[in-house]
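Some notes on the structure that comes next.
Per chain, numbering begins at 1; letters A, B, ... match sequence-line order.
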Protein chains: 2
Amino acid sequence: MPRKSDAHERMVRSAATLLREHGAGATSIDRVLAHSGAPRGSVYHHFPGGRTQLIEEAVALAGDFVAGLIEAAARTGDPSVAIDKFVSLWRKWLADSDFTAGCPIVAVTVANDDSVRLAGGVFGRWTDGLAAAFGAHGLPDARARRLAMFVIAAVEGAVIMCRAERSIEPLDAATEEIHELLVHALRT
Amino acid sequence: MPRKSDAHERMVRSAATLLREHGAGATSIDRVLAHSGAPRGSVYHHFPGGRTQLIEEAVALAGDFVAGLIEAAARTGDPSVAIDKFVSLWRKWLADSDFTAGCPIVAVTVANDDSVRLAGGVFGRWTDGLAAAFGAHGLPDARARRLAMFVIAAVEGAVIMCRAERSIEPLDAATEEIHELLVHALRT
DNA sequence: GTCTATACGAAGATAGAC
DNA sequence: GTCTATCTTCGTATAGAC
């Protein structure tokens, strides 16, 4: 009885990892196979859409994972908690990878991969989740949305700078300045 | 007499363009040749270091261009001017490319290209330039640096989201929230 | 500086056997 | 579901002629 954790799932997870560490251009079927240990012969059985489908599933998986985290934290009604969860995730991934891994959604976006189509939806969902937390705190819808978008952009940008500089400083700077901004924005 | 605008320079410029539009993985010698119209035969005459050297020169060119812009604006002593120049540049590039072009430094960073080594230095120079403007305005060194880093991260992140969502909204949101933050930070 | 030819490897995708 | 060809295209790099 084939468990759920079969070759298909292992390949999607490996694709997400390669996306994060080496970008879309380097995420080839060959490398996913080597990384996941999945068998060559069944690639087009599991992914009839070939490489495109594989990348798209990896984007969806990563997008859902982060969205779930944001949405769960947003339900506490405290925007600071949601932001902290989001930032902590990147902090952990950067540390675990020694500053070589970033965001898979960013990877497909800057490479203009076929799956950029999905990237907009993922960022949109993250934005909606965070905006809901700001809204619950009493901010007007327009400001809540603007702030949510801004926080996500700032953190994503900081993660890239952390990789380039091989230092956590940019993410620390972003965390502090976001906090500073929220002190004023959330003042009731 | 071979002018300065010869095959070498055209290739570097084309490489930067391809980096911005299709990422590091898709910036191959073949594509640079096709895009620049430069002759095949002299590639390794102009670039003894091959593809690696070509990409590195493109990163350096783009990095210097933006740094020069920031540094010139910073000399006015008004941080808002420097930020406006920086944001306007991205706004124009996004519009001109119909949201398909981003930052070449980001491209080599997320692809973990050999030239990531240069990316940290480029971001560092941009940060120093903007921090100088904040310092001239009277902010303490630590805060000036933190704010400079944050602004660059936020704008770079917003540009990526603009590409994914094919909309200028994320950059508009970033511009407004950065302004909001500066209203408090630059209060004398 | 620029040309052609060539070697070599990696990658996506398909076909047909088991 | 998995295997082994196989085809084709693309990419880097070198050699040697002009």
Contact check, residues 39-50 of chain B vs DNA chain C, heavy-atom distance under 4.0 Å, returns B:Pro39, B:Arg40, B:Gly41, B:Ser42, B:His45, B:His46

Selection residues 93-106 of chain A - residue pairs positive for salt bridge (charged side-chain N to carboxylate O under 4.0 Å, His left out), sequence neighbours left out: A:Lys92-A:Asp96, A:Asp98-A:Arg166

Quick one: salt bridge (charged side-chain N to carboxylate O under 4.0 Å, His left out) pairs with a partner in residues 43-56 of chain A, sequence neighbours left out? A:Arg51-A:Asp113, A:Glu56-A:Arg117

Please table the atom pairs, donor to acceptor, closer than 3.5 Å between any side-chain atom in residues 126-139 of chain B and protein atoms at least two apart or in another chain.
unit_1   : atom_1 : unit_2   : atom_2 : d
B:Trp126 : NE1    : B:Gly63  : O      : 3.2
B:Thr127 : OG1    : B:Phe123 : O      : 2.8

In whole Å, what is the span from the CG atom of B:Leu33 to the C1' atom of D:dT12? 12 Å

Residues passing the side-chain hydrogen bond (donor to acceptor under 3.5 Å, both in side chains) test with B:Arg40, sequence neighbours excluded, are B:Asp30

Quick one: salt bridge (charged side-chain N to carboxylate O under 4.0 Å, His left out) pairs with a partner in residues 77-91 of chain B, sequence neighbours left out? B:Arg91-B:Asp172

Could you tell me how far apart A:Asp30 (CG) and C:dA10 (C1') are, to the nearest whole angstrom? 7 Å

In whole angstroms, how far is the P atom of C:dA10 from the CZ atom of B:Arg51? 15 Å

Taken to the nearest whole Å, CD/B:Gln53 to C1'/D:dT12 is 15 Å

Can you give the donor-acceptor pairs under 3.5 Å from side chains of residues 64-72 of chain A to other protein atoms, not counting sequence neighbours?
unit_1  : atom_1 : unit_2   : atom_2 : d
A:Asp64 : OD1    : A:Arg125 : NH1    : 2.9
A:Glu71 : OE1    : A:Arg125 : NH2    : 3.3
A:Glu71 : OE2    : A:Arg125 : NE     : 2.9

By ring-ring contact (aromatic ring centres under 6.0 Å, His included), which residues pair with B:His45, not counting sequence neighbours? none

Which residues in residues 15-29 of chain A have a heavy atom closer than 4.0 Å to any atom of DNA chain C? A:Ser28, A:Ile29

Step through the shown structure and confirm whether more than 12 heavy atoms of other residues, nucleotides or ligands are within 6.0 Å of NE2 on A:His179. no

